[in-house]
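Have a look at the structure below before the remarks.
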Amino acid sequence: MSKNRKPAGGRVARDFDPARGGSGGRRGPGRTGASSQKSGSQKAGSRSPKHRGYRPEDAESTKAPRWSRDERVAKGRSPHRADRPGRDERPNRDDRAGRYDRPNRDDRANRDDRAGRYDRDERAPRRFDRDERAPRNEGRYSRDERSPRGERGHGRDERAPRRDRDERAPRRFERDERAPRRDRDERAPRRDRDERAPRRDREFDRPGFRDSGRRPSTFFPEQRHANEQRRTHEQPRTQRFEPGDDVVLDRLQAEAITADAVDGVGFADLGLGRNVVDALAGLGAATPFPIQAATIPVVLEGRDVLGRGRTGSGKTIAFGAPTVERLMQDWAATGKAGGKRQVGRKPRALILAPTRELALQIDRTVQPIAQSVGLFTTQIYGGVPQGRQVGALQRGVDIVIGTPGRIEDLIEQGRLDLSEIRITVLDEADHMCDLGFLEPVQRILRRTAEGSQKLLFSATLDTGVAALVDEFLVDPAVHEVAGEDQASSTIEHRVFVIDNRDKRDIVASLADRNGKTLIFSRTRAFAEELALHLEDAGVFAVALHGDLNQAKRTRNLQQLTSGRVDVLVATDVAARGIHVDDIDLVIQADAPDEYKTYLHRSGRTGRAGREGRVVTLTTRHRQRRLSELLGRAEIEVEFEDVRLGDEVLSNL
DNA sequence: AAAAAAC
């Protein structure tokens with residue numbers, strides 16, 4: 001009855017890297033109400049004692065819907081739609097029905113009325129509750145999400161609070177997402193010994209920076225040429241961005257490292273200092289993965305690097321650790337003391353990611369590494385008040401991690417100066433070169449120090465990045481891991497050919513299981529709809545897509561990470577980079593249009609060598625298109641005709 | 001055509 005309960009045993013150790021958020025505090029046993037909630041919070045608590053720690057008490061006093069939700073799940077509830085369990089689960093929505101006619105403005109007004117304007121400290125937590133979990137609020141959000149005026153509603157929801165929160169809200173977010181940061185913030189800003197002279201740029205000049213010819217460039221001009229002549233397996237194409245145009249670009253010629261080449265090699269052997277090595281160990285990374293072994297020394301040399309390692313192969317540390325090490329060495333070389341915050345110090349490294357969640361996740365990995373040598377990081381991304389971000393920048397930050405929009409925004413506001421950026425990392429670099437991302441990224445890169453080091457990483461790095469490489473990189477070293485073909489993958493792929501009208505029920509049937517399941521939808525609307533449908537079918541699920549406000553996005557992802565919920569329905573916002581431990585099934589409710597998307601979505605499972613399964617749903621008349629896509633992805637799958645009620649759906 | 005990314 002109660003679906004998606006966790007197996008009592010809890011899960012196996014999660015080592016591996018990025019999502020600190022993912023690993024730390026998963027509690028094993030089923031969630032049975034407040035107490036388990038609390039332990040669930042520990043993980044979050046470790047990151048933000050305040051936020052999670054508060055939860056239980058607050059929850060009880062305010063009767064947060066979640067608790068009752070969980071209790072219900074624990075008790076098992078009727079899976080029948082007629083019983084509207086989903087409604088029960090989300091009491092807010094219905095309870096708040098009366099509120100439905102109330103304009104948002106009222107909510108807003110309320111908020112203001114309620115929150116003592118002056119007492120920030122008290123207010124923040126309170127507000128937080130309201131925003132993220134109080135019934136009232138949840139109701140409001142829900143309403144927005146479902147109502148036709150949702151779009152406007154969201155905008156209002158996000159914007160309204162922001163206005164008056166600007167000065168204090170930032171902190172809240174911090175608490176929510178990462179504790180360490182707070183410490184940093186609390187460290188008193190040190191004396192301003194800032195002496196970042198332009199000189200430093202030169203001092204930082206990378207040895208070997210100019211010695212091109214070390215390796216024939218894989219890019220110019222042939223690559224540019226290749227870029228313009230994107231080709232498919234079937235036929236050459238000359239037009240870019242044709243709708244539905246999914247093409248395979250040339251793979252980069254790369255130096256390949258073999259897995260056994262890293263046997264017995266430690267991070268210290270790669271040139272990382274002791275503090276960094278210790279920090280990595282603290283993150284669960286005891287010894288380097290191949291892509292890390294391949295790229296870390298080269299990054300430390302100061303070269304531009306293109307790194308290609310399949311999903312879940314440890315790319316974050318591959319660029320994060322050497323970036324920190326380099327900044328630290330630079331610092332030491334210029335006689336600066338580490339560990340002291342210098343007001344107004346400009347950032348020296350920039351890490352760009354395509355989504356906020358990914359930026360956050362990268363920071364969770366990089367921040368502890370940076371902290372180990374006294375460097376500060378900050379996240380700069382949209383959807384949250386900028387006040388805290390700006391505050392951090394003013395206090396001095398060494399590494400900025402964020403998404404393009406807000407970064408450009410702050411640059412234009414004159415609050416972020418990239419002129420001293422010596423290392424820029426583009427995670428999911430090929431995606432950052434897609435339409436819509438490329439130009440902002442280019443503008444941002446142009447703001448960084450001339451000739452500064454650039455690192456481009458992606459599981460699907462191809463010549464699509466030529467636009468950036470041509471302009472910004474010098475004689476890049478290209479590295480990949482040998483033998484990373486699908487045959488060696490730990491992911492099992494299946495394709496079910498279904499009747500479109502059964503899709504939602506089939507998804508529900510597949511998702512009704514033990515273990516974490518990530519479901520992809522092509523549109524936000526369908527993701528939302530599916531999540532609701534799943535709940536109606538008795539499968540506890542949350543959604544993640546761009547129509548949600550950031551608080552909800554963060555929270556819903558966190559719910560999957562923490563194991564509070566086992567099913568997440570997402571758009572492609574979650575396709576790339578997001579690491580959640582132990583997702584053992586990925587369902588593509590809508591097949592992707594691009595083979596790269598297929599690879600990235602699939603890559604949310606089977607991470608760090610674990611087993612994973614991917615089920616892609618398609619319809620009869622889309623079979624061919626999907627099979628071509630799979631061909632480009634070099635994945636061989638037998639298509640299976642599946643009907644609702646088939647055993648394969650329940651016994652996957 | 002959709003998704004993401006600023007306010």
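Computed from a predicted structure; not experimentally measured. Hydrogens, waters and symmetry mates play no part in the numbers below; they use all other heavy atoms, side chains included. Here is how names work: the chains are called A, B, and so on, in the same order as the sequence lines, proteins then strands, and each is numbered from 1.
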(request) Can you figure out which of B/dA1, B/dA4, B/dA6 approaches the side chain of A/Asp593 most closely? (result) B/dA1
(message) Looking at B/dA4, I'd like to know if its phosphate oxygens (OP1 or OP2) sit under 4.0 Å from a side-chain N or O belonging to A/Arg524.
(response) yes
(request) Take atom CG of A/Asp246 and atom C1' of B/dA2, then tell me their distance rounded to the nearest Å. (result) 14 Å
(message) Could you work out, with salt bridge (charged side-chain N to carboxylate O under 4.0 Å, His left out) as the rule, every residue matching A/Arg308, not counting sequence neighbours?
(response) A/Glu480
(request) Would you classify A/Arg576 as touching base, sugar-phosphate or nothing, given that sugar-phosphate means primed atoms plus P, OP1 and OP2, and contacts are heavy atoms under 4.0 Å? (result) nothing
(request) Please state how far atom CD1 in A/Ile380 lies from atom P in B/dA6, giving the value in whole angstrom units. (result) 11 Å
(message) Using a 6.0 Å cut-off, check whether atom CD of A/Glu439 has over 12 heavy atoms from anything other than its own residue.
(response) no
(request) Return the value, rounded to whole Å, for the distance between atom CD of A/Glu529 and atom C1' of B/dA2. (result) 16 Å
(request) Whole angstrom is fine here: how far is it from CG in A/Asp427 over to C1' in B/dA4? (result) 15 Å
(message) Is the phosphate of B/dA6 approached by A/Arg356 (side-chain N or O, under 4.0 Å from OP1 or OP2)?
(response) yes
(request) Would you mind reading off the distance between A/Leu544 atom CG and B/dA3 atom P, rounded to a whole angstrom? (result) 13 Å
(request) Could you check how far CZ of A/Arg601 sits from P of B/dA2, rounded to whole Å? (result) 14 Å
(request) Please tell me which of the listed nucleotides, B/dA4, B/dA6, B/dA3, lies nearest to the side chain of A/Asp409? (result) B/dA6
(message) Quick check for you: among B/dA4, B/dA2, B/dA6, whose closest atom lies nearest to any side-chain atom of A/Arg522?
(response) B/dA2
(request) Report the residues that fulfil side chain to side chain donor-acceptor pair (under 3.5 Å) with A/Glu357, sequence neighbours left out, ordered by chain and then residue number. (result) A/Gln550, A/Arg553
(message) Measure CD/A/Glu428 against P/B/dA5 and give the value in whole Å, please.
(response) 13 Å
(message) Closest approach to the side chain of A/Phe437, judged atom by atom: which nucleotide of B/dA5, B/dA6, B/dA2 is it?
(response) B/dA5
(message) Is the phosphate of B/dA5 approached by A/Thr355 (side-chain N or O, under 4.0 Å from OP1 or OP2)?
(response) no
